[in-house]
Amino acid sequence: MTLIAYYSKTGNTRRFVDKLDQSAVEITPGLTLEQPFVLVTPTYNFGQVPLEVTEFLYRNGDHLTAVIGAGNRVWADNYARAGRLVAEQYNVPLLGEIELAGTTQETENIRERLRLLDD
């Protein structure tokens with residue numbers, strides 16, 4: 001089963017990850033992983049990757065296999081932009097984008113994509 005690494009300041013990303021029923025670890029300062037993982041990252045500051053995620057990826061980016069971006073649609077083009085930025089920088093697939101804690105459909109779509117990764 002794919003490990004999920006996620007950052008959640010407001011709790012939305014954590015609520016989404018809880019719905020996935022996957023092995024997961026919350027990004028904390030200094031966390032180091034020695035296994036492949038999928039990143040779930042929120043988008044902050046008008047379309048930016050949170051500093052905590054950037055620092056985590058600096059240490060662990062070699063194990064990143066895919067990314068899921070989260071955000072709020074009110075930010076238009078910057079909606080879930082952090083996921084797109086990470087996917088491009090690390091040359092990994094963007095498994096999807098979710099709004100806030102993810103809708104039922106978004107959650108199901110991501111679950112299916114994670115299953116395909118595990119096969």
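Computed from heavy atoms alone, side chains included, the values below leave out hydrogens, waters and symmetry copies. Note that the numbering runs from 1 along the sequence shown for the chain.
Leu51 belongs to no multi-residue hydrophobic cluster, having no ILVMFWY side-chain contact under 4.5 Å with any other such residue.
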Quiz: residues 28-39 side-chain donor-acceptor pairs under 3.5 angstrom, not counting sequence neighbours:
residue : atom : partner : partner atom : Å
Thr32   : OG1  : Gly30   : O            : 3.4

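Summarising the geometry of Ala82 relative to Pro42, their closest heavy-atom pair is CB-O, 3.3 Å, with the distance given to 0.1 Å. Annotation for Ala66 and Leu95: closest pair CB-CG, 3.7 Å, computed over non-hydrogen atoms. For the pair Ala87 and Pro93, the tightest heavy-atom approach, listed with the atom from each and the gap, is CB-C, 4.4 Å.
Side chain of Glu97 to main chain of Gly83: no donor-acceptor pair is present (N/O by atom type, distance under 3.5 Å, no hydrogens or angles). Distance alone, capped at 3.5 Å, is enough to place a donor-acceptor pair between the Lys19 side chain and the Ala101 backbone. In this structure, Lys9 contributes its side chain and Pro50 its backbone to no donor-acceptor pair below 3.5 Å. With hydrogens and angles ignored, the 3.5 Å screen pairs no side-chain donor or acceptor of Thr43 with any backbone N or O of Gln48.
Linking Ile, Leu, Val, Met, Phe, Trp and Tyr residues whenever their side-chain heavy atoms come within less than 4.5 Å places Ile98 and Leu117 in a single cluster. There is a path of hydrophobic side-chain contacts, each under 4.5 Å, that joins Val67 to Val49. Side-chain heavy atoms closer than 4.5 Å link hydrophobic residues (I, L, V, M, F, W, Y) into clusters, and following such links, possibly through other members, connects Phe56 to Val25. No continuous path of ILVMFWY side-chain contacts below 4.5 Å connects Leu3 to Ile110, so the two sit in separate hydrophobic clusters.
Rounding to the nearest 0.5 angstrom, the gap separating the CD1 atom in Ile27 from the CZ atom in Arg59 is 9.0 Å. Summarising the geometry, atom CG belonging to Asn60 is positioned 9.0 Å from atom OH belonging to Tyr90; distances are rounded to the nearest 0.5 Å. Interatomic distance, CG of Leu20 versus OH of Tyr6, reported as 11.0 Å (0.5 Å rounding). The CZ atom of Phe16 sits 12.0 Å away from the CG atom of Leu100 when rounded to the nearest 0.5 Å. Here the CZ-CG distance, from Arg15 to Asn12, works out to 4.5 Å after rounding to the nearest 0.5 Å. In this structure, the separation between CD on Gln89 and CG on Leu64 is 10.0 Å, given to the nearest 0.5 Å.
Sequence neighbours left out, the pairs with a member in residues 20-31 that pass salt bridge (charged side-chain N to carboxylate O under 4.0 Å, His left out) are Arg14-Glu26.
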Q) side chain to side chain contact (heavy atoms under 4.5 Å, CB included) between Gln22 and Val17: does it pass, once the steps are laid out? A) CA-CA 8 Å; Gln22 294 271 135; Val17 169; over 6 Å; no
(Q) Test side chain to side chain contact (heavy atoms under 4.5 Å, CB included) on Leu114 and Ile4; report intermediate values, then the result. (A) CA-CA 10 Å; Leu114 288 168; Ile4 304 290; 4.0 Å; yes
Q: Please lay out, stage by stage, how Thr41 and Ile68 fare under the test side chain to side chain contact (heavy atoms under 4.5 Å, CB included).
A: CA-CA 6 Å; Thr41 181; Ile68 299 162; over 6 Å; no
